[in-house]
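Here it is, the structure, as structure tokens.
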Amino acid sequence: MNVLEPLVSIALDLTAAMTAKDRHDRLLSAVGKVLPYDAAALLRVDGDLLVPLAARGLLPDALGRQYARSNHPRLAIICDAHEPVRFAADNPLPDPFDGLLAGNVDALSHIHACLGCPLRVDSTLIGVLTADALDPHAFDHIDPHFLEAVAALAGAGMQTAHLIDALEKSAERKGQIASDLMHDIHLRQGTQILGDSSVMVHLRREIDLVARSDFTVLVLGETGVGKELVARAIHAASDRRDDPLLYLNCAALPETLAESELFGHTKGAFTGANRDRAGKFELADKGTLFLDEIGELPLSIQPKLLRAIQEGEIQRVGSDRILHVDVRLLAATNRDLEQEVEAKRFRADLYHRLNVYPIKVPSLEKRKADIPLLTGHFCERIQRRLGLGAVRISPAAYETMARYDWPGNVRELENVISRAVLKASAELQRGEPVIINPVHLGGDMMPAGPSVGDEAVYRNGGKSANLSLNIEVENFKRKLVQRAIEQNRGNVAAAARDLGLNRSNLYNLAKRLGVLHGGDER
């Protein structure tokens with residue numbers, strides 16, 4: 001056999017893509033083609049210890065041991081050497097693998113051939129290669145220079161495997177951290193869309209339907225209706241849910257930086273570009289990219305976004321290289337894009353590419369029946385954040401909220417509830433129940449005259465500022481349930497008996513009406 005063949009094999013393995021274990025096994029296999037050993041081992045230096053990485057011809061438990069240099073004089077001699085060491089066949093020093101040779105556990109206690117190569121990188125010892133043969137003259141013909149070449153390549157191979165292994169572990173760890181952070185963000189931001197109204201039931205059906213596809217989705221709706229929540233829900237229900245969902249607010253992008261943010265740039269592409277940088281499309285590869293306020297995207301960038309959607313092709317600023325990406329695009333806007341197209345402020349071809357599956361998120365004014373459920377959710381959130389006792393909304397406060405138009409939609413409702421809870425709890429002792437009344441709601445919801453209470457409403461024949469029949473009925477239910485629970489000092493079972501209801505039914509009804517929140521059950 002050509003003695004250069006194993007050297008070439010070891011050298012080629014340095015650049016091959018394989019696991020560290022495969023590298024080590026292939027190294028011993030290549031060495032075995034020119035060294036007629038009966039047993040060989042590759043060991044890594046770890047302080048005073050030598051830790052086996054691979055072995056051939058040895059019992060399996062040889063790989064489970066660690067070999068201290070102080071206990072194994074042959075290994076100590078090899079480690080201290082700067083060139084391959086060949087021991088005399090009758091050398092009296094014990095062999096570290098005596099009793100571990102597969103097929104003949106007593107063989108290495110007799111006369112045999114033994115050699116070892118210290119594996120060094122930049123004069124630093126990183127490992128040891130050992131070989132044993134039952135034939136005392138098995139290694140007599142081996143050229144010392146050849147052994148040095150094997151040792152050099154073996155050391156480089158071990159170092160390469162170690163570096164790749166460290167990089168893979170680091171990448172895996174960072175990937176896990178990123179995954180955990182994404183999971184944490186999803187937990188905190190949520191993907192659950194609250195609401196039992198017919199328009200919200202329809203919205204959830206639309207999300208479930210389009211999530212299974214890879215269609216581009218245009219999420220439409222007024223400011224504050226929850227368009228980002230819809231985008232997160234689509235991604236969470238899609239086949240890409242285990243890959244990243246990236247967010248970019250087009251309204252916050254200066255025209256000079258918009259292209260770089262979307263598609264990346266190369267070093268020196270413009271002033272301040274001191275390194276290569278990937279854009280959102282590259283980072284979102286295999287995942288989802290959500291472009292909020294898409295109607296604000298500069299006209300100059302729109303043709304490149306169109307190409308990215310149509311062909312999956314992007315180009316970093318300052319580069320001639322075309323990159324291919326696999327990204328599912330979601331976009332949102334509160335603008336009327338058809339009008340923007342007519343006014344020449346938005347490209348018609350891009351609009352049609354975005355408008356593959358439009359989803360309209362209803363305003364809060366069109367889903368007022370959901371206000372109690374949303375209010376309960378926000379009350380529970382602010383209650384936990386501030387460490388307060390149970391938070392209750394008075395029927396009069398619910399009536400006030402039902403009369404209001406909510407120009408800021410769900411976002412405005414959350415802000416109103418947060419402020420109201422803070423105001424209502426200002427003079428209470430810790431743990432006392434917080435009752436929100438109309439006076440705490442503030443702003444445009446404050447009644448012009450005296451507060452309108454439940455009794456006043458019903459004495460007026462139910463004519464309380466254009467409330468619908470459904471809202472009137474819900475308010476009446478809420479009043480009865482809240483009164484029963486308060487009269488029984490929060491005991492749901494006792495309140496259920498007074499109202500002639502099953503306990504679990506009353507509890508579910510009270511939660512839906514916003515009378516009870518999480519942790520209130522007794």
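Fair warning: this is a prediction, and the values are worked out from it, not measured in the lab.
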Exercise. Keeping the roles fixed (side chain from Asn409, backbone from Leu364), state whether a donor-acceptor pair exists under 3.5 Å.
Key: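 Checked: pair present.
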
Quiz item: Do Ser213 side-chain atoms and Val210 backbone N/O form a donor-acceptor pair below 3.5 Å?
Solution: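 Looks like yes, one N/O pair under 3.5 Å.
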
Quiz prompt | Donor-acceptor contact present, side-chain Arg483 to main-chain Leu480, <3.5 Å | solution =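 No: the side chain of Arg483 does not pair with the backbone of Leu480.
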
Quiz item: Does Glu222 pair with Lys360 as a salt bridge, N-O distance under 4.0 Å?
Solution: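 No, no charged N to carboxylate O under 4.0 Å.
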
Quiz item: Between Trp406 and Ser363, is there a donor-acceptor pair closer than 3.5 Å when you use the side chain of the first and the backbone of the second?
Solution: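 Not at all, since once roles are kept as given, no pair shorter than 3.5 Å links the two residues.
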
Quiz item: Does a donor on one side chain and an acceptor on the other come within less than 3.5 Å for Gln482 and Tyr398?
Solution: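 Side chains of Gln482 and Tyr398: no pair found under 3.5 Å.
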
Quiz item: Are any side-chain N or O atoms of Thr288 and backbone N or O atoms of Ala284, one a donor and one an acceptor, separated by less than 3.5 Å?
Solution: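 Judged by distance alone, no pair lies under 3.5 Å.
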
Exercise. Return yes if some donor-acceptor pair links the side-chain N/O of Lys227 with the main-chain N/O of Asp292 below 3.5 Å, else return no.
Key: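 Answer holds: no.
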
Quiz item: Looking only at heavy atoms, what is the nearest atom pair of Ser300 and Pro303, with distance?
Solution: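 Heavy atoms only, the tightest pair is O-CD, 3.6 Å.
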
Self-check item: Smallest separation among heavy atoms of Pro433 and Leu428, with atom names
Solution: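 Scanning both residues, the minimum pair turns out to be O-CD1, 3.4 Å.
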
Quiz prompt | Student check: side-chain heavy atoms of Leu194 and Asp370 closer than 4.5 Å | solution =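 Answer no - side chains too far apart.
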
Quiz item: Could you give the distance from CZ (Arg353) to CG (Leu306), rounded to the nearest 0.5 Å?
Solution: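 Going from CZ on Arg353 over to CG on Leu306, the span is 7.0 Å.
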
Quiz item: Of the non-hydrogen atoms in Gly287 and Asp243, which two are nearest, and what is the gap between them?
Solution: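 Gly287 and Asp243 have their closest heavy atoms at CA-CB, 3.8 Å.
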
Practice problem: Tell me, with the steps shown, if Leu297 and Leu262 meet side chain to side chain contact (heavy atoms under 4.5 Å, CB included). | Solution: CA-CA 11 Å; Leu297 191 69; Leu262 283 168; 4.1 Å; yes

Quiz item: Are any of the side-chain nitrogens in Asp239 or Arg328 under 4.0 Å away from the carboxylate oxygens of its partner?
Solution: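 No, Asp239 and Arg328 are not salt-bridged.
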
Quiz prompt | Side chain proximity check, Ser198 to His202, heavy atoms < 4.5 angstrom | solution =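 Of all side-chain heavy-atom pairs linking His202 with Ser198, none is under 4.5 Å.
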
Exercise. Look only at the side chain of His440 and the backbone of Asn437, and say whether a donor-acceptor pair between them is shorter than 3.5 Å.
Key: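 Flag set: sc His440 to bb Asn437 pair under 3.5 Å.
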
Exercise. Please assess Asp196 against Met200 for the test side chain to side chain contact (heavy atoms under 4.5 Å, CB included), listing each intermediate value before the final yes or no.
Key: CA-CA 6 Å; Asp196 295 327; Met200 295 308 291; over 6 Å; no

Quiz item: Roughly how far, to the nearest 0.5 Å, is the CG atom of Leu220 from the CG atom of Asn355?
Solution: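 The CG atom of Leu220 is 7.0 Å from CG of Asn355, to the nearest 0.5 Å.
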
Quiz item: Is any side-chain heavy atom of Pro362 closer than 4.5 Å to a side-chain heavy atom of Leu203?
Solution: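 Yes, side chains in contact.
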
Quiz item: Any sub-3.5 Å donor-acceptor pair from Gln302's side-chain atoms to Arg347's backbone N or O?
Solution: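 Yes: the side chain of Gln302 pairs with the backbone of Arg347.
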
Quiz item: Is there a side-chain contact between Tyr357 and Glu206, using heavy atoms and a 4.5 Å cut-off?
Solution: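 Side chain of Tyr357 against side chain of Glu206, heavy atoms only: contact under 4.5 Å found.
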
Self-check item: Residue pair Val410 / Arg367, side-chain heavy-atom distance below 4.5 Å
Solution: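 They are in side-chain contact.
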
Exercise. Check the pair Phe346, Ile294 against side chain to side chain contact (heavy atoms under 4.5 Å, CB included), reporting the backbone distance first and the verdict last.
Key: CA-CA 10 Å; Phe346 203 86; Ile294 190 70; 4.3 Å; yes

Quiz item: Could you state the interatomic distance from CG (Leu337) to CG (Leu218), rounded to the nearest 0.5 Å?
Solution: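 Between atom CG of Leu337 and atom CG of Leu218 there are 6.0 Å.
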
Quiz item: Can you name the nearest heavy-atom pair linking Arg316 to Phe263, along with the distance?
Solution: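 That closest heavy-atom pairing would be CG-O, 3.3 Å.
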
Quiz item: How long is the span from the CG atom in Leu509 to the CG atom in Asn502, to the nearest 0.5 Å?
Solution: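 One finds 11.5 Å between CG of Leu509 and CG of Asn502.
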
Practice problem: Could you please spell out the steps behind the side chain to side chain contact (heavy atoms under 4.5 Å, CB included) verdict for Ile309 and Leu354? | Solution: CA-CA 9 Å; Ile309 298 172; Leu354 293 172; 3.8 Å; yes

Quiz item: Are a donor atom and an acceptor atom from the side chains of Tyr351 and Glu340 found within less than 3.5 Å of each other?
Solution: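 Looking only at side-chain atoms, Glu340 and Tyr351 do not form any donor-acceptor pair under 3.5 Å.
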
Exercise. Locate the shortest heavy-atom distance separating Phe281 from Val325; write the atom from each residue and the value.
Key: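 It is O-CG1, 3.9 Å.
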
Quiz prompt | Nearest heavy-atom neighbours spanning Arg503 and Ala493 | solution =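 Answer, listing the atom of Arg503 first, then Ala493: CD-CB, 3.7 Å.
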
Quiz item: Do the ring planes of Phe270 and His265 sit parallel (below 30°), tilted (30 to 60°) or perpendicular (above 60°)?
Solution: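 Ring orientation of Phe270 relative to His265: perpendicular.
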
Quiz item: Any sub-3.5 Å donor-acceptor pair from Asp285's side-chain atoms to Asp326's backbone N or O?
Solution: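 At least one qualifying donor-acceptor pair exists.
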
Practice problem: Could you check if a side-chain atom of Leu413 sits within less than 4.5 angstrom of a side-chain atom of Met401, using non-hydrogen atoms only? | Solution: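 Heavy-atom side-chain distance check passes, below 4.5 Å.
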
Exercise. State whether the side chain of Ser319 and the backbone N or O of Gln315 hold a donor-acceptor pair below 3.5 Å, judged by distance alone.
Key: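 Judged by distance alone, no pair lies under 3.5 Å.
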
Practice problem: Taking atom CZ of Phe215 as the centre, report whether more than 12 heavy atoms of other residues, nucleotides or ligands fall under 6.0 Å from it. | Solution: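 No - once you tally the heavy atoms of other residues, nucleotides and ligands closer than 6.0 Å, there are 12 at most.
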
Quiz item: Is any side-chain heavy atom of Val416 less than 4.5 Å from a side-chain heavy atom of Tyr404?
Solution: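 Side-chain contact under 4.5 Å: no.
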
Quiz prompt | Derivation of the salt bridge (charged side-chain N to carboxylate O under 4.0 Å, His left out) call for Arg345 and Glu296 | solution = CA-CA 9 Å; Arg345 290 189 293 265; Glu296 307 289 339; over 6 Å; no

Self-check item: Approximate separation, where rounding is to 0.5 Å, of Lys267 NZ and Asp276 CG
Solution: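 It is 8.0 Å, given to the nearest 0.5 Å.
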
Quiz item: How many angstroms lie between atom CG of Leu329 and atom CG of Asp214, to the nearest 0.5 angstrom?
Solution: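 That separation rounds to 11.0 Å.
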
Exercise. Decide yes or no for Val217 and Val219: does some side-chain heavy atom of the first lie under 4.5 Å from some side-chain heavy atom of the second?
Key: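 Yes. Closest side-chain heavy atoms under 4.5 Å.
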
